[in-house]
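First the structure, in the form of structure tokens, and then the observations on it.
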Amino acid sequence: MSDKKKQSNTYKDSLNLPQTDFPMRANLVEREPQRLENWENQDLYRQIVDQRKAENAPTFILHDGPPFANGDVHMGTALNKVLKDLVIKSRSMAGYYTPFIPGWDCHGLPIEFKVVEKTRGLEPAEIRRRSEEYARRFIDIQRHSFRRLGVFGDWQNPYLTLDPSYEADVIRTFASLVEKDLVYCSKKPVLWSFGAQTALAEAEVEYEDRTDPAIFVKFPISSGDLAGQSSLVIWTTTPWTLPANLGIALQSRFEYLRATFTHAESGRSEDLIIARPLLESFIAKTGFRPSGKEQAVSAADLEGHTADHPLLDRTSKIILADFVTDEAGTGAVHVAPGHGSDDYVAGLQNDLGLLSPVDDLGKFTDEVGIEQLVGLHVFKANPIVIELLEEKGALIAREDYLHSYPHCWRSKTPIIFRSVEQFFVRIDSIREKALEEIDKVEWLPHWGRNRIRGTVESRPDWCISRQRTWGVPLPVFFPAGKPDEPIVDAGLARKVADLTEDQGTNLWFEKDDAWWAEQLDLPAGTTRCHDTLDVWIDSGSSHVAVLDKRPELHTPADLYLEATDQHRGWFQSSLMLSVAHRGIAPYKTVMTHGFVVDKDRKKISKSDAKKKGKPMDAAHFYNQYGADILRLWVSSVDWQNEVPFDENLFKQTADTYRRIRNTLRILLGNLHDFDADTQSVENKDLTLIDRWILERLHVVTRECIEAYGKYEFRKVFNTLNQFCAVDLSSLYIDITKDRMYCEATDSAKRRATQTAMARVFESLTRLMAPILVYTADEAWEFLGREKSIHLQKFPAADPAFASGDKAATPVVEELLKLRTCIQQEIEDARQKKLIGSNLEARVSLDIPENATLETILDDQATAEEFLIVSDLTIKRNRDTLVATISKTDNGKCARCWRHEKTVGKIESHSDLCERCADVV
RNA sequence: GGGUCUGUAGCUCAGCUGGUUAGAGCACCGCCUUGAUAAGGCGGGGGUCACAGGUUCGAGUCCUGUCAGACCCA
């Protein structure tokens, strides 16, 4: 035993074993940041784009959709940014000039809310100052994560929607809309705090219990068959909104019952219509019970007819609406378009008009039409309204109703829905053009076209004003004393833009009306609007503020790439603003990806993930596994659909990574004594197996480049993975081990294989570079290259190895069939403990005639090498392939471990085979 | 409830215009190796292609419905 060991050690020194310092263990978590620092020190991104620019390369612009500057980078954000980077890097290596300007969406309620939540009662200018600070903090956090993920771009000069110049361009885009007569002003209900005298956002609402009078009110039908005979009954907890009633909504799915209802105690009798699903609760609450004739009535029969308003000399239109439910009420819903969002939409759809006779303080105006109510606060008006209804005989019943009701978070007063002037973009004027443009755009996947068409076809006019502080101001003015006659003027807006170009729109909030009037040559007393623009105008103007502005970019962009929710979001807002502004879509291709979901394909909610201790932050994963693993994971998934995610999937990806890495490592190890420039052999001197692996490389190269071109990163992943695992690891490297280790260092066979390996290594690292950004660069460096791999281009598929008549592939495929057959038999023998390693087997192969294999099998050495056996006998006398295994009698060569006939027959080296004796 | 989609081995994915016993990698099990060794090789088990109908000589692949999931809307 000790003898044997000593002996083998002796010969081990005579072998050419692989040598490399390329570490087996990647230790990405520590090494990646070092490499990143190095890249940033040499400004690798700049080098890449400069180099392509110098080459006069064609331009490819992927325009970054700005993530919201709030929160950490979670897996969904990471998926998006890495996909973008895969596109950019693969296009760059395909020879394109690919400048990438990342951006952030900075304005908006979520940030303002965080700021105001902490400290209430701040001045607008202070809210904006703190909001900006908040946004910038998260921009830094997110930027760090994106860089760490190996995403290349102009991180020093990203675009921020809070930049003064960006804001100015938003205002100019607005001016462009005004110029084309697309902006108008109209009333729309908003959540209104009469305590704070301001509109509120959903997020500023707190729910508290409150008791209100809930009343059942009858509306006598005044047209159609039932005119003058029966009445609809509505139920409401806001009696004060009845003066603004303009409609009654029914549910088309409900069956309605018309009957004479009699009150059990008073004996009062009424002919009423109630939805059947709500009949029981109606009886219980009002005491009215059907007594006598009953008749089924359908909602459709009543639709379009009218009912008399119980308090005013006017009618209320009967309509159908989906928001009518059987949860409460009567199945007939009081609709006041000026006092509710459902009501508003229903009002628009059914042409009901709009009334909102309430002022800032929550008091009725003259418009209410009922003398007793004018000047009265709406909540104080409730009992009066009820009294009036009672007088008119319209009140069926009343109760005190305890419910959860929205309150203002600041003033703690209850909230009302009240209509105020809002600004809108007239979508009908640009809808057709937008639809035309949609069809000129390439949508990936193709069904994206249907999705955006659906949203564009159905979207109502775009309400672009917000009663908020943290945003781009709506550049509109009001003449002195005329708050209802806004001055919407493109020229004025442009002047505002010019004034804020350098100093930012804080000016709008810091200077007073007089200052602005003076600057813009407006009459004294002119006031400015305190609204801001919808943030979708901000991000939707990026083609103006970024694509048109930056010299290295252009409009339309070649590609927009976001998650599917952006069909209604950014893709649409950008399309609408671009069509309005310049008449064409801002993009040539739009690609969407799915959302990250858990392994059961259910959506992941943030609170859930926290509860279950399932981290979703990208940082958790790149800090534990490395950015390359995360990127490899991105490349492996089907981004068109939901992307399942689970920490176990990560471990699986890490396993794939290890295989790829080890393949690179063994190739480097085998190339340690090889200089490709001086020691490469000519193609004609390559052996069969070398030609085969280069033919495989030819296919792999072609497939990968093609797949990158079609953004099919998954295919690249699968192709590279299988090439590494099967073609290289399990076949080529295994088969060539003997010649690599045992043949003379400078032997032709060995140099031939090194020639092939060098080409494989070089192509492989380039092909994987867009995905494994750190690892490919590291491997490239170990090959002795000075410049980063990311400055390289994809390898060209070598036409010398395209399959042709003399191709090695068909021969190798036949040999692989023999191999499979032999391995099965060997395995059988191994399980029976007849033999251990392959090299101990004596293989007797009976094969049918096979023209492809004729010549190759005559070459005993090549056949044995390919099949990795030492003692092979081939007989050609069978119809089917049969392999027979026994243990060989040949002695084992102490150096190459093959069992060869020649072992023991060489005098000078009795323990070696002929080949090894020669080498030694 | 409506619109747009998705559903193939434990997991990630292939399966082109319908045509032989549905493929690969990983994971799993067993064996070998210890000269890629916190590696490598070989073999094996595992799928009623979500479910139910239909068209067809023939369907994972076309049609209809059901179920489940995602996004958007209500």
Side-chain angles (χ1 to χ4, degrees), chain A residues 8-9 11-20 22 24-25 251-253 321-323 325 342 345 445-455 457-459 563-569 572 592-603 632-633 635-638 640-646 648-649 651-659 661-670 712 714-715 717-726 729-731 733-735 737-738 740-742 819-820 822-833 835-840 868 895-897:
Chain A
S8 69
N9 274 341
Y11 289 117
K12 186 170 177 177
D13 295 339
S14 76
L15 298 172
N16 289 302
L17 294 180
Q19 285 176 33
T20 177
F22 187 75
M24 174 178 289
R25 298 195 62 202
Q251 171 56 264
S252 58
R253 293 197 310 273
D322 260 346
F323 59 76
T325 69
D342 281 346
V345 174
H446 63 93
W447 47 258
R449 172 187 172 273
N450 291 346
R451 281 200 63 153
I452 192 153
R453 277 196 81 92
T455 65
E457 276 165 359
S458 65
R459 108 166 327 279
T564 53
D565 58 339
Q566 299 304 328
H567 280 121
R568 177 160 281 266
Q572 196 200 200
T592 54
H593 60 83
F595 273 60
V596 174
V597 293
D598 71 17
K599 66 176 181 3
D600 301 321
R601 306 222 172 218
K602 300 242 174 76
K603 77 169 169 200
L632 191 60
W633 169 75
S635 78
S636 75
V637 300
D638 177 10
Q640 297 195 22
N641 293 111
E642 306 95 73
V643 179
F645 178 78
D646 179 53
N648 282 326
L649 297 184
K651 292 182 179 145
Q652 190 179 316
T653 310
D655 286 335
T656 306
Y657 173 83
R658 272 212 298 278
R659 167 75 70 138
R661 187 177 179 89
N662 270 315
T663 305
L664 292 175
R665 182 167 177 268
I666 185 69
L667 288 174
L668 276 174
N670 277 333
E712 290 173 355
R714 207 172 56 227
K715 183 163 186 195
F717 170 85
N718 281 322
T719 303
L720 290 179
N721 182 22
Q722 293 203 32
F723 184 59
C724 286
V726 181
S729 190
S730 139
L731 295 175
I733 292 167
D734 208 33
I735 289 169
K737 256 182 200 170
D738 180 75
M740 286 305 303
Y741 300 174
C742 305
R819 183 184 132 105
T820 302
I822 292 170
Q823 289 294 2
Q824 280 167 348
E825 293 305 319
I826 287 182
E827 190 54 35
D828 190 49
R830 186 157 35 226
Q831 300 281 344
K832 288 175 182 155
K833 302 292 178 193
I835 58 164
S837 89
N838 265 27
L839 294 171
E840 287 171 33
I868 319 180
R895 183 167 176 272
C896 70
W897 296 349

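Chain identifiers are assigned alphabetically (A, B, ...) following the order of the sequence lines, protein sequences preceding nucleic acid strands; residue numbering begins at 1 within each chain.
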- Going by modelled atom types, is there a donor-acceptor pair between the base of B/rA36 and the side chain of A/R665 at under 3.5 Å? no

- Cationic N near anionic O, under 4.0 Å, A/D655 to A/K651: no

- Message: Can you measure A/F595 atom CZ to B/rC71 atom P for me and round it to whole angstrom units?
- Response: 6 Å

- Task: Take the angle between the ring planes of A/W633 and A/F645 and call it parallel below 30°, perpendicular above 60°, tilted in between.
- Result: perpendicular

- Query: Can you tell me if the side-chain N/O atoms of A/K12 get under 4.0 Å from OP1 or OP2 in B/rG35?
  - Reply: yes

- Map A/C896 and A/S636 onto RNA chain B by nearest heavy atom, then report which one ends up closer to the 5' terminus. A/S636

- With rounding to whole Å, what would you report as the distance between B/rG53 and B/rG10 at their P atoms? 23 Å

- Task: Using the P atoms only, state how far B/rU66 lies from B/rU4, rounded to an integer number of Å.
- Result: 15 Å

- Could you state the CG-C1' distance from A/N641 to B/rA68, rounded to the nearest angstrom? 15 Å

- Item | Contact check, side chains of A/C896 and A/D738, non-hydrogen atoms, under 4.5 Å | yes

- Send over the distance from A/L839 CG to B/rU34 P, rounded to a whole Å. 10 Å

- Message: Heavy atoms from C-beta onward define the side chain here; which of B/rC71, B/rG40, B/rU12 lies closest to that of A/R451?
- Response: B/rC71

- Nearest-nucleotide pick for A/E827, side chain only, options being B/rU33, B/rG35, B/rC42: B/rC42

- Message: What is the separation between atom CD on A/Q831 and atom C1' on B/rG41, rounded to the nearest whole Å?
- Response: 14 Å

